[in-house]
Amino acid sequence: MIVDCAHYLDGSRQSDRPIPLDEAAMQCHQGGFVWLGMFEPSGDELDQVRESFGLHELAVEDAKTFHLRPKVEEYETGVQLVILRTAHYNHDQDEVDFGEISIFVGPSFVITVRQGVASELHGARTRLEQHPKLLALGTNSVLWAILDQVIKGYGPVVADLESDIEQVEGTVFSGAVAPTERIYDLRREVTNFYRAVHPLLAVLTGVERNVDEAELRPYLRDVHDHLNLISEEVAAQKDLLATVLQANMAVISVEQTRVSVRQNNTMEQLTILATVFLPLTFITGFFGQNFSWLVENITGFPRFAVLGIGGLLVPLALLWVWIRRNRRATAVAETYAMVEWPEADHVGAAGSIPRPRRSGTT
């Protein structure tokens with residue numbers, strides 16, 4: 001779909017209304033340049049544009065598909081193809097949505113093919129039309145305006161990702177367990193964003209090399225500096241998420257250890273209880289049998305107290321002595337271990353994990 005098509009001459013737009021495609025191709029030879037904007041065009045529309053402006057078929061084929069990385073291509077006809085990836089943070093789904101802009105830059109025309117979200121260029125066109133001196137420099141000024149708008153659109157995405165990372169980071173380094181799936185999702189989003197931002201540095205370097213207008217170079221350098229800051233911040237977020245993921249795994253390990261310790265304590269208490277009742281059950285079962293010699297010998301309460309109750313107290317006393325000795329042996333072993341490895345005293349809890357330092361700034 002054709003969104004807008006205008007002819008620019010001496011820094012001003014020649015018609016308030018979009019001009020037809022055939023007329024635009026003819027006005028390319030009358031001085032100035034034509035800026036044709038398209039949004040998710042069909043294959044037939046792109047073929048028509050290719051025939052009208054003499055575009056290379058491989059360039060048009062590139063404009064029909066999505067790319068994971070930005071790139072720049074130069075063709076023998078003097079047409080330069082610049083592919084950019086746009087980004088927009090979706091607050092409803094807490095993820096980054098990506099779009100794409102394919103820019104055909106020729107001596108007398110600029111054709112933009114937009115696909116996906118965050119690829120609106122009306123603001124860039126309006127801004128450039130308000131600066132006739134820049135607009136009069138030719139088609140490279142349009143390329144600068146588009147690059148400037150796309151790269152400025154990266155800023156809010158970086159800020160929103162930073163907010164999500166700080167939230168997860170605060171959860172992990174407070175000693176609580178953060179959802180591992182959320183950390184992986186954030187890391188995937190940051191990695192995809194890094195693929196959109198970092199290769200654009202080389203693309204912008206190539207664009208600067210091909211710009212002959214001295215008045216436009218300071219503007220391109222400013223865009224390049226802004227892109228460098230964005231790239232450094234995204235790289236820092238990528239490294240930080242790797243550290244947060246490792247710290248979260250450590251917190252999970254500590255939590256599992258605590259659960260294991262609680263289970264061991266429970267099992268120890270149940271074992272002690274079973275050990276106490278084991279001799280009692282044995283003695284009770286033994287004296288509960290109707291042996292003739294046993295029944296005949298227990299003829300009164302004194303004999304019952306000595307043989308029956310005494311038979312219960314003696315194993316309990318022996319069990320108590322055995323438990324006390326085991327506890328003393330365990331305490332001595334732990335004291336010896338603390339003397340041999342004093343650095344173990346400095347191991348902090350999960351909540352005292354130090355935060356990594358941030359290397360980037362927005």
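Hydrogens, waters and symmetry mates play no part in the numbers below; they use all other heavy atoms, side chains included.
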Does some side-chain heavy atom of L121 sit less than 4.5 Å from a side-chain heavy atom of Q149? yes
Can you tell me how the ring of H91 sits relative to the ring of Y89, calling it parallel under 30°, perpendicular over 60° and tilted otherwise? perpendicular
Can a salt bridge be assigned to the pair R182 and D185 using a cut-off of 4.0 Å between side-chain N and carboxylate O? no
Compare all side-chain heavy atoms of N210 with those of V72 and state whether any distance is below 4.5 angstrom. no
Ion pair check, D148 and K152, cut-off under 4.0 Å: yes
Only one of T139, T112, L135, D4 forms a side-chain contact (heavy atoms from CB on, under 4.5 Å) with W35, so which one is it? T112
If you define the side chain from C-beta out and look only at heavy atoms, does anything of Y8 sit under 4.5 Å from E129? yes
E57 side chain reached by V60 side chain, heavy atoms, under 4.5 Å: no
Return the orientation label for the H56 and Y75 ring planes: parallel under 30°, perpendicular over 60°, tilted otherwise. parallel
Heavy-atom donor-acceptor pair, E40 side chain to G116 backbone, under 3.5 Å: yes
Within a strict 4.5 Å, meaning less than it, do heavy atoms of the H122 and V3 side chains meet? no
Would you kindly confirm whether I101 and V197 end up in one hydrophobic cluster when ILVMFWY residues are joined by side chain heavy atoms under 4.5 Å apart? yes
Linked, directly or transitively: L137 and V142 (ILVMFWY side chains, under 4.5 Å): yes
Which word best sums up how the rings of W144 and Y219 line up, parallel for under 30°, tilted for 30 to 60°, or perpendicular for over 60°? perpendicular
